[in-house]
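This report concerns only the one structure given below.
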Amino acid sequence: MQIRFYAYDFDYKIKDGQTYIYLYGKLENNHKICVIQQYNPYFYAKVEDVDKEELEKRLPKLEVEAKEPAKVIKWQEIDKELLGKKQKFWKIEVNYPKAVPLVSKELESWGLECYEKDILYVHRYLRDKAITPMTLLEADGELTNDKHMRVAVFQADEIKQFSKDNFNKPKILAIDIETYAKNKIIDPKKNPILMVALYGLDEQGKEYRKVITWKRFSNKLNYLEFVSDEVEMLKKLREIILDYQPDIITGYFSDGFDLPYIKTRANKHKIKLDFGNDYSDLDSGSGNSLREGRSRIKGILHVDIFKFIRNVFGKDLRTDSYSLDSVSEELLNQKKDDVKISELANTWDNHPEKLDQYCKYNLQDAYLTLKLCTKLLPDMNEFAKITGLPLFDLIRMGFSRLVENYILKRALEYQVIAPNKPKKFEIEQRNEDTYQGGFVYEPTPGMYKDIVILDFKSLYPTIITSHNIGPESLNCSCCKETSSVPDHNEYWFCTKEKKFIPQVLEQLILRRTDVKRLIEEERSKGNDTKILEARSYAIKTLANSFYGYLGFFGARWYCLECARSTTAYARNYIKSTIKKAKNKKFEVVYGDTDSLFLLLGEKHLTEVKEFMNEINFDLPGHMELEYEGHYPQGIFVAIKGKEKGAKKKYALIDENDKLKITGFETVRRNWSKIAKELQKEVLQLVLEDKTEEAIEYLRETVKDLKSGKIDPEKLIIKTQITKDLSSYSSIGPHVAVALRMLEQNIPVSAGTVVEYIIAKGSGLVRERAKLPSEIKDNNYDSDYYLNHQILPAVAEIFAVLGYSEEELVGESKQTGLGNFL
DNA sequence: CGAGCCCGGGG
DNA sequence: GTGTACGGGCTCG
């Protein structure tokens, strides 16, 4: 029989000594299914200059000792291209995935070169079969009566792509927990989960809302359900998930927090969380370290939407912070509930009647997470289509790995074999390789009006394709002397034949052009272009990452010369464009790699456009200079203590009074609240031409600071203890405070976030670092806060306005403040 | 100045 | 799971 289904989660199992791929998904009628198919893992061995007869004899007898002996099943000779050279390889199939590293290692000890021995089995299968996750597939085979699965199992003889139709109506369940965290100590072994919020969206668009908690209080929340204790709450959670049967479970930082936390609590209470479609447990790695795990439920796609935003999507957001609050504000125009989460533990213990605000807050977080997931699903789907990777994996990857997987997919069509990943010593060598990056035009510190930004559209990708830059075309014998790279006469790239890397990149660029044309078409017909826009975005992002990939030490297709040449060409283009702009009497205030900032001055915008046209006329290939935008005002600051303008550090205000801040680093928790608030406010005021108010604001802040009026809460600096206290060789302020906490019988362990305030006195910072509770009569060190928090946050901004650091600081070291203040 | 350590997201 | 991020800033020594 034949079925069609969308596959969204992948796994493999060994059955009767054979390897099967497991594709979990959904039929078009919304029934869940698991489709399995036998497929052998394999790798390649190079057989040039190898005694093949001898090898023929040895391979069948080979058996590497392991729990399950690793064996070779069959082999086949095949012509492949390795870094531009056609060579003979044997494709060697083995009995199970983990046999690949075992057998290949053995063969390497015989002196053979082995390739593609670390390609994940699932990825290999998907690429070989040209099966795209999240799209409609067709399978021929039979249903089996597998009783070990929660869903129907279909054994396929053949699976193929049916269409590229998206799986766009998945059933999604967002999950968010609130935990008991007194003094900000997050410890899943000790502290219980207090409430769990679930926000679902089914295939018909119907929503589901639920908050479960285990302390009763009177309320009017219709989604709230009480249970007797944490154990019952976890059991209820299990029940709901099994009953709801979502395709996707999503959370915000749920890889690093919610799911491992739930897992740890469940383990403690000996509760099974067998959500998996094969009855397997929620897998949160070892479960102990919350930091960088990944949580998996077999057959349900776990999307930690934070990961996708941090790794991929966030790079194009204005916000510097990837907190749920800032990301939601920017993408959804909605915020988290404004609730003091630090008071939850206290409210739980002493004022349960006030818990309803936390339940609302909890549900709102789940709601925002769900919204982010549905909003970004088209984008994630498009990345899945281009790279062919399972969604689970791709959202957890950085750009380099995404690029590499895209290249690996294309490599199959070109009969190209992947070079091996570098080994440790090779990585070390590569890490020592350096090359010059983009050209940054040093700004003159100052405030500027009417800034126009122009930038080269996809500069690096268009340089790579226009100049055929790649490891296979580097210094070819056929093109010596014909053209060489600017600043690097020792490099040239083939001009006769497009090679693999620039070719697959060019395919991306051409595809994007197609997609963009399609967007215009659909738009003119009044159709929705969301998916096409997501596709265009994914292609652009991937294309832009090729250059970085070529210079990335972990890359299979690493090519230092290529990376060097790409930036060398880029510097050449931007410099000559700046020069031409100056010739046209434009004032250039800044430029970075692919952009130039012009002052409009007395000129009209049409003159800018004319200038762009002239530039574009001379550019090769797909290269193009574009208009990015107009900003009424911007500020460029100087390098600390110098006259020179700092590169990559400026703030602009757009026509809607929205700040675009680059390079100002104050979102971290080891900056005090007072410094963070001050910096943002000062930037905003200054760029709105309210310098007087900005100075006034600073003056007030400093005055309050000096007179001890600042709420010590705003002076708290937070630093985490990350290991056993005795193993610190360098005693920083946070370690010193932690040691004193121990003396006071306050528990401190790895994971504790130490809060401290710097108090008056002398000596090292750590000798004056006090617990907030040790601060009496606001005896904080206002000089420290002035010199290490307040001034560093705003000095460079005021310096631009003519108030140099010396003026600002003045005699502050003795008297606290200069005359100016 | 280099080495060592911590930042992010989450309560 | 055919595994284990990354790049940058601050303080101490």
Side-chain angles (χ1 to χ4, degrees), chain A residues 11-12 19 41-43 70 94 96-105 114 116-124 176-188 191-195 251-261 283 285-286 289-294 296 304-307 309-311 314 320-327 339-345 348 358 361-362 365 369 393 396-401 421 552-554 663 665-671 717-723 727-736 753-754 764-766 769 788 792:
Chain A
D11 190 25
Y12 72 86
T19 316
Y42 64 90
F43 64 96
V94 296
Y96 63 101
K98 284 177 184 165
V100 171
L102 298 173
V103 172
S104 62
K105 209 167 171 192
C114 296
E116 303 197 4
K117 59 210 172 177
D118 52 0
I119 306 284
L120 265 61
Y121 174 78
V122 167
H123 295 182
R124 165 79 82 197
D176 183 59
I177 62 170
E178 305 302 329
T179 69
Y180 189 91
K182 211 158 205 173
N183 303 321
K184 323 219 158 169
I185 294 169
I186 292 179
D187 185 348
N191 297 323
I193 300 169
L194 303 181
M195 49 187 79
Y252 202 84
F253 199 48
S254 40
D255 260 349
F257 183 70
D258 301 79
L259 293 186
Y261 206 114
D283 175 12
S286 49
S289 129
L290 291 188
R291 279 202 101 60
E292 193 54 41
R294 41 177 54 186
R296 176 160 233 157
D304 181 346
I305 196 65
F306 159 74
K307 287 265 169 86
I309 290 167
R310 182 193 62 183
N311 290 337
D320 251 359
S321 157
Y322 297 141
S323 67
L324 179 58
D325 196 40
S326 346
V327 170
V339 163
K340 263 202 155 180
I341 194 65
S342 53
E343 280 301 304
L344 171 58
W348 179 268
Y358 290 102
Y361 167 91
N362 193 190
D365 277 7
T369 305
D393 298 313
R396 290 168 174 81
M397 288 180 183
F399 287 117
S400 290
R401 288 178 64 201
K421 280 193 195 158
F552 168 57
F553 60 80
E665 280 275 358
T666 52
V667 288
R668 294 158 169 245
R669 71 170 165 216
N670 53 354
W671 277 79
I717 300 167
K718 304 170 197 180
T719 314
Q720 192 176 47
I721 297 295
T722 56
K723 54 186 183 181
S727 52
Y728 276 95
S729 53
S730 162
I731 310 293
H734 64 301
V735 182
V753 176
V754 173
L764 289 169
V765 177
R766 68 162 175 244
H788 292 90

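Proteins get letters first, then strands, A, B, ... in listed order; numbering begins at 1 in each.
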Distance check needed: C:dG3 P versus A:Met397 CE, whole Å only.
13 Å
Using a 4.0 Å heavy-atom cut-off across all strands, classify A:Pro97 as base, sugar-phosphate, or nothing.
base
OP1 or OP2 of B:dC6 less than 4.0 angstrom from a side-chain nitrogen or oxygen of A:His734, does that happen here?
yes
With a 4.0 Å cut-off on heavy atoms, is A:Leu102 in touch with a base, just the backbone sugar-phosphate, or nothing at all?
nothing
Nearest-angstrom distance from the residue atom CG of A:Asn362 to C1' of B:dG11
11 Å
How far does the C1' atom of C:dT2 sit from the matching atom of C:dC6, given to the nearest Å?
24 Å
Checking all strands, does A:Asp176 fall into the base, sugar-phosphate, or nothing category for heavy-atom contacts under 4.0 angstrom?
sugar-phosphate
Considering all heavy atoms, the nearest A:Pro97-A:Tyr12 contact:
CG-CE1, 3.4 Å
Take the protein atom CD of A:Glu178 and the nucleotide atom P of B:dG11, then report the distance between them rounded to whole Å.
5 Å
Within this structure, what is the OH-to-P distance between A:Tyr358 and B:dG11, rounded to whole angstrom?
12 Å
Any ion pair linking A:Arg396 and A:Asp255 (charged N to carboxylate O, less than 4.0 Å)?
yes
Side chain to side chain, A:Val100 and A:Tyr121, heavy atoms closer than 4.5 Å:
no
Rounded to the Å, how far apart are A:Tyr322 OH and B:dG9 C1'?
11 Å
In whole Å, what separates the C1' atom of C:dA5 from that of B:dG8?
11 Å
Between A:Asn191 (side chain) and A:Ile186 (backbone), is there a donor-acceptor pair under 3.5 Å?
no
With a 4.0 Å cut-off on heavy atoms, is A:Leu194 in touch with a base, just the backbone sugar-phosphate, or nothing at all?
nothing
Of the non-hydrogen atoms in A:Val765 and A:Pro733, which two are nearest, and what is the gap between them?
CG1-CG, 4.0 Å
Just to be sure I understand the rule, does A:Asp365 reach a base, reach only the sugar-phosphate, or reach nothing, if contact means heavy atoms closer than 4.0 Å?
sugar-phosphate
With the side chain of A:Ala181 defined as its heavy atoms from C-beta on, choose the nearest nucleotide among B:dG11, C:dT2, B:dG9.
B:dG11
Students often get this wrong, so: under 4.0 angstrom with heavy atoms, is A:Phe399 touching a base, only sugar-phosphate, or nothing?
nothing
For A:His123, which residues count as a side-chain contact (heavy atoms from CB on, under 4.5 Å) partner, sequence neighbours excluded?
A:Leu120, A:Arg127, A:Leu389, A:Pro390, A:Asp393, A:Met397, A:Asn405
In whole angstrom, give the distance that lies between atom CZ of A:Arg296 and atom P of C:dG1.
7 Å
Report the residues that fulfil ring-ring contact (aromatic ring centres under 6.0 Å, His included) with A:Tyr180, sequence neighbours left out, ordered by chain and then residue number.
none
Tell me: NZ of A:Lys117 to C1' of C:dG1, nearest whole Å?
18 Å
Is any side-chain heavy atom of A:Asp365 closer than 4.5 Å to a side-chain heavy atom of A:Tyr252?
no
Between CG of A:Leu324 and C1' of B:dG9 the distance, given in whole Å, is 10 Å
Would you say A:Phe257 and A:Asp304 make side-chain contact, with heavy atoms under 4.5 Å?
no
Could you tell me whether the phosphate oxygens of B:dG10, OP1 or OP2, come under 4.0 Å of any side-chain nitrogen or oxygen in A:Thr179?
no
From C-beta outward on A:Phe552, which listed nucleotide comes closest to its side chain: C:dC6, B:dG9, B:dC7?
C:dC6
Tabulated below should be each protein N or O lying under 3.5 Å from an N or O of nucleotides 11-13 of chain C; please produce it.
from: C:dG13; atom 1: OP1; to: A:Arg766; atom 2: NH1; distance (Å): 3.4
from: C:dG13; atom 1: OP2; to: A:Arg766; atom 2: NH1; distance (Å): 3.1
from: C:dG13; atom 1: OP2; to: A:Arg766; atom 2: NH2; distance (Å): 3.3

Ranking B:dC7, B:dG11, B:dG10 by distance to the side chain of A:Thr719, first place goes to B:dC7
Among the nucleotides B:dG11, C:dT2, B:dG10, which one has an atom lying closest to any side-chain atom of A:Tyr361?
B:dG11
In whole angstrom, give me the gap between the P atoms of C:dT4 and B:dC7.
24 Å
Taking the P atom of each, how far is C:dG9 from B:dG9, in whole Å?
16 Å
